[in-house]
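Written out below as C-alpha cells is the structure these notes cover.
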2 protein chains.
Amino acid sequence: MKVTIRDVASKAGVSAATVSRVLNKPELVDPETKQRVQAAIKALDFHPNAMARGLSVSRTDTIGLVIPGINDLFFTELYRGIEKACSENNMKILLFDSQHSRHRALEGFTFLRRHQVSGIIFTSKLVDQDYDALFDRIGIPVALALTEATGRTPLPAFKVDDVRAVFDVVAYLVARGHQRIGMITGESEDDRTGLLRLEGYRRAMLHFGIGYSESFVTSGNYRFDGGYAAMQELLKRQPINQLTAICTASDEMAIGAMRCLHDHGLSVPDDMSVIGFDDLQIARMVIPSLTTVMQPFEEIGEQVVRALLQRIEQPSELPRQGTYYMPHRIVERETVKCLNSSTSEEQLEKCF
Amino acid sequence: MKVTIRDVASKAGVSAATVSRVLNKPELVDPETKQRVQAAIKALDFHPNAMARGLSVSRTDTIGLVIPGINDLFFTELYRGIEKACSENNMKILLFDSQHSRHRALEGFTFLRRHQVSGIIFTSKLVDQDYDALFDRIGIPVALALTEATGRTPLPAFKVDDVRAVFDVVAYLVARGHQRIGMITGESEDDRTGLLRLEGYRRAMLHFGIGYSESFVTSGNYRFDGGYAAMQELLKRQPINQLTAICTASDEMAIGAMRCLHDHGLSVPDDMSVIGFDDLQIARMVIPSLTTVMQPFEEIGEQVVRALLQRIEQPSELPRQGTYYMPHRIVERETVKCLNSSTSEEQLEKCF
DNA sequence: GTGAAAGCGCTAACAT
DNA sequence: ATGTTAGCGCTTTCAC
C-alpha cells in the first residue's frame, strides 16, 4: 500500500541507502543515478516517513509550544515571531494548548516529550518552583515567553518589564494632568504578570505623591467581560466619581471597560481616559482607538526561539539565562485626554 | 542517555513486551508485575517515544490542519470546535499555517503526509481542479471547513450557505426599510467565498426589485484595512449619498468600514447601517456593537472532524461527501437602524 | 559512488 | 501472564 524507500530503490535499480542519500546528501551521489532515483520518487509519489526518519536520526527538528489558549488574541501575535524564526532555521512547531489549566500544561510537557521535540517554549503562565523537579529531569531545553521563572531552575525568558511598563503608563497619565487614576489588573491562579503590573501602578502612585489606595483597584481575567465587570465594580465604589483615568492590564479589558463606561453614558476620553496593555490588532480597530502599551510580541517570539536554538545546539554552555526585558512603548491613540491647559514639554519631562 | 522501554524492562525484571503491555493493554498484565513496571517507569522517568510507537503501529492518531493564517480571527473560533472533537476522540492535531499562499498550502500537504497524519482538514481556500491530481493519489482522507470542493474530486465540506446568508442579510435590511444597500465583498486569488457572498447580494437586490449595480459594490481582503479602503472607495462614488446601509463579507471589514465612516463624520447607524459577517468576538466589543451573520464555527469544526474520523475508520464507505450547509443566523446588535416608522411584523414577514 | 547490514524504540504475533 | 522474535521505514557506518 504505502510506498517506501525500498520501493523507490528497486524501481530505480539502486539500494535503499542510495535513495536515502539523494534525499539527504544529494551532493555525494552520481548525477545520473540521482536523476533515476528522483524520477522513481516522482513516479511512485513517494513521501518519506518523517517518523521513521526521526527514529533513525533521533532528532525531529521540532520545537514544542505550550500556550495557555489559542483564543487569546495576543497569542497569534507571538506566534508570528516564533513561526518566522522557526522557518528561518527550518524547525517545525508542535503546538499544545493548555486551555489555561496547569494540569493540561503538564500534559503538554508529556506530550511534547513523547514526540521528541528538541526544545520547548512555554508561554504566559508563571513557572514557579512546582516546575523545578520537572525541568531538572526533563533533559530538553526550555525557554519562556511573556513570563519568567521564579523557581530554582533558571530559564531564559523574554518579556517586557511589567512593573516599569505600568509605571510608565501612570507617568504618562500624570504628565497629562491625571491624578485620580484607577487600575484594572489581571488575576488568575498563577498570575505573576498581573501582580507585577499592579506593582508598577502602586510604585508610580507613590512615586508621584498621589498615594496608593486599594479602592482604586479591581481585577479581571484579562478578557473583555472581565474588564467590563471590573469597570462596573469601580463605578459602584465611592471614589470613582473622582477618577479621571483607568489603566488596565490588557487591551481586551480596556475595551470591556470602555463598553461599560459607554453603557453608563460616560464618554471616553472626555469623562474618563482609558489605557490598555498589549497593543493587539483590535486596539486600533475600536472607536475611539485605544492608547496602549505595545509589547513587542513578534520580537519576543523570535528571541525565544533563538535562545532555544542556542541551547539546543550547545547544550553544555548556558549562554542565555534569566529574564530578558524587551522594550515596551506607549502607543498614543485616542483614549487619553490631556487635562493640562498648557501641555508644556517641561511638565511632561519632570515626571521622569 | 535517553531511557527506553528496555531500560524499564530490565529495571523491573521483565521483558520489553511486558512494559509495552502495561502501557497499552494494562488489563492483560498481572497486577503485581504491573506495579513493578509502573514503579520502574516512574523511577526512571520514562517517556515512550511517540515516533517509535507510530512507526510500529503505523498510525499516529493525528489529524493535520491546514489553515490560511493563524492571525485570522475566525480561525481561533474554528479551532475550538476542532480541538474539542479531536480530544473527545483522542486525536492529536498537527497545525500547518499556509500563510495565505497556495504554494505553502501544497507544502503543508507534503509536510502532513510525511508525518503520517490519519486525515487532513483543509480550511478556507477554494479547493478546485488543481487539487484533483493531488487528492487522487494522496490516499489520506481530506475534509473541508469553510470552503468547498469545485474540482472533480468530491470531498466532505462544512460551511454556511454564503449565498443564502447574504441574501438573508439584504432581506433583513429591506425589512427594515433599506433600499439603497451597498456591499463590501471579499477578494483574493481563489476566493469563492467572496464571490458567493456577492452573488447572494446580487440575487437579493434583484429579488426585491431594487436592482443590482456594480457601483454599489467594492471589495477588500477581509481585513480591517481592506474594509476601511473599500468604504473610502464607496464614499468617493456618486451614488453613495443615497446609500443607507452596507453589508460586508467579514466582521473585520465591517469594523474597518465603521472606522472610515467615523473618520468622515458619519454616524453608525444613524447615517449608515453596517452589517458584518462571521460574528467574531470583536463584533460585540466594538461600539456600537456589530449586527452580523453568525457562522457556527465551533460546530463546523466539530462536524468536519467527525466526517474525517468516519472516513478514517471506514475508508471503503463514502458516507459523507459533498457540501453540508450549516445554519447561519443574523445576530442583532446595534449597527442597523430601522427606517420604518411602523416596524410591523407583517412588513418583516413579506420579505421571505 | 554505491550496497549490505545494523539499529533507532516500540509493538504485535506467536510461543510458552 | 510473559518472553521471543520479527519487523515498522529510514539512516548510517563500513566495506567494496
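Computed from a predicted structure; not experimentally measured. Atoms considered below: every heavy atom in the structure, side chains included; atoms not considered: hydrogens, waters and symmetry mates.
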Would you mind reading off the distance between [X] atom [atom1] and [N] atom [atom2], rounded to a whole angstrom?
{"X": "B:H115", "N": "D:dC8", "atom1": "NE2", "atom2": "P", "result": "21 Å"}
{"X": "B:N49", "N": "C:dG7", "atom1": "CG", "atom2": "P", "result": "18 Å"}
{"X": "B:R53", "N": "C:dT11", "atom1": "CZ", "atom2": "P", "result": "5 Å"}
{"X": "A:Q116", "N": "C:dG9", "atom1": "CD", "atom2": "C1'", "result": "9 Å"}
{"X": "B:L28", "N": "C:dA13", "atom1": "CG", "atom2": "P", "result": "13 Å"}
{"X": "B:L55", "N": "D:dG9", "atom1": "CG", "atom2": "P", "result": "7 Å"}
{"X": "A:I41", "N": "D:dC10", "atom1": "CD1", "atom2": "P", "result": "10 Å"}

Donor-acceptor pair between A:Y222 and A:D72 side chains, under 3.5 angstrom: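 Result is no, nothing qualifies.
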A:Y79 side chain to B:D97 side chain, donor-acceptor N/O pair below 3.5 angstrom: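 Side chains of A:Y79 and B:D97: no pair found under 3.5 Å.
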Salt bridge (Lys or Arg N to Asp or Glu O under 4.0 Å) partners for B:E299, two or more places apart: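 With sequence neighbours excluded, B:E299 shows a salt bridge (Lys or Arg N to Asp or Glu O under 4.0 Å) to no residue whatsoever.
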Selection residues 83-94 of chain B - residue pairs positive for side-chain hydrogen bond (donor to acceptor under 3.5 Å, both in side chains), sequence neighbours left out: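 Passing the test, one end in residues 83-94 of chain B: B:K84-B:E302.
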Contacts of type ring pair (Phe, Tyr, Trp, His ring centres under 6.0 Å), residue B:F109, not counting sequence neighbours: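 In terms of ring pair (Phe, Tyr, Trp, His ring centres under 6.0 Å), with neighbours along the sequence ignored, B:F109 is linked to B:F122, B:F135.
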Residues touching DNA chain C, which here means a heavy atom under 4.0 Å, drawn from residues 29-36 of chain A: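 Nucleic-acid contacts, sorted: A:V29, A:D30, A:T33.
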Sub-4.0 Å heavy-atom contacts from residues 5-25 of chain B onto DNA chain C, ordered by number: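 B:I5, B:R6, B:A17, B:S20, B:R21, B:N24, B:K25 - these, ordered by number, are the residues of the stretch whose heavy atoms sit under 4.0 Å from the strand.
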Passing option when A:H47 is tested against B:R114, B:R113, B:Q116, B:H115 for side chain to side chain donor-acceptor pair (under 3.5 Å):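 The option that passes is B:R113.
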A:T323: side-chain hydrogen bond (donor to acceptor under 3.5 Å, both in side chains) partners, not counting sequence neighbours: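 With sequence neighbours excluded, A:T323 shows a side-chain hydrogen bond (donor to acceptor under 3.5 Å, both in side chains) to A:E148, given in chain and number order.
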Check: A:S58 side chain, C:dG9 base, donor-acceptor under 3.5 Å: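 There is none.
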Under 3.5 Å: donor-acceptor pair, side chain of B:D132, backbone of B:R152: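 Flag set: sc B:D132 to bb B:R152 pair under 3.5 Å.
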B:F96 and B:F111 aromatic ring geometry - parallel, tilted or perpendicular at 30°/60° bounds: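 Tilted: the ring planes of B:F111 and B:F96 meet at 30° to 60°.
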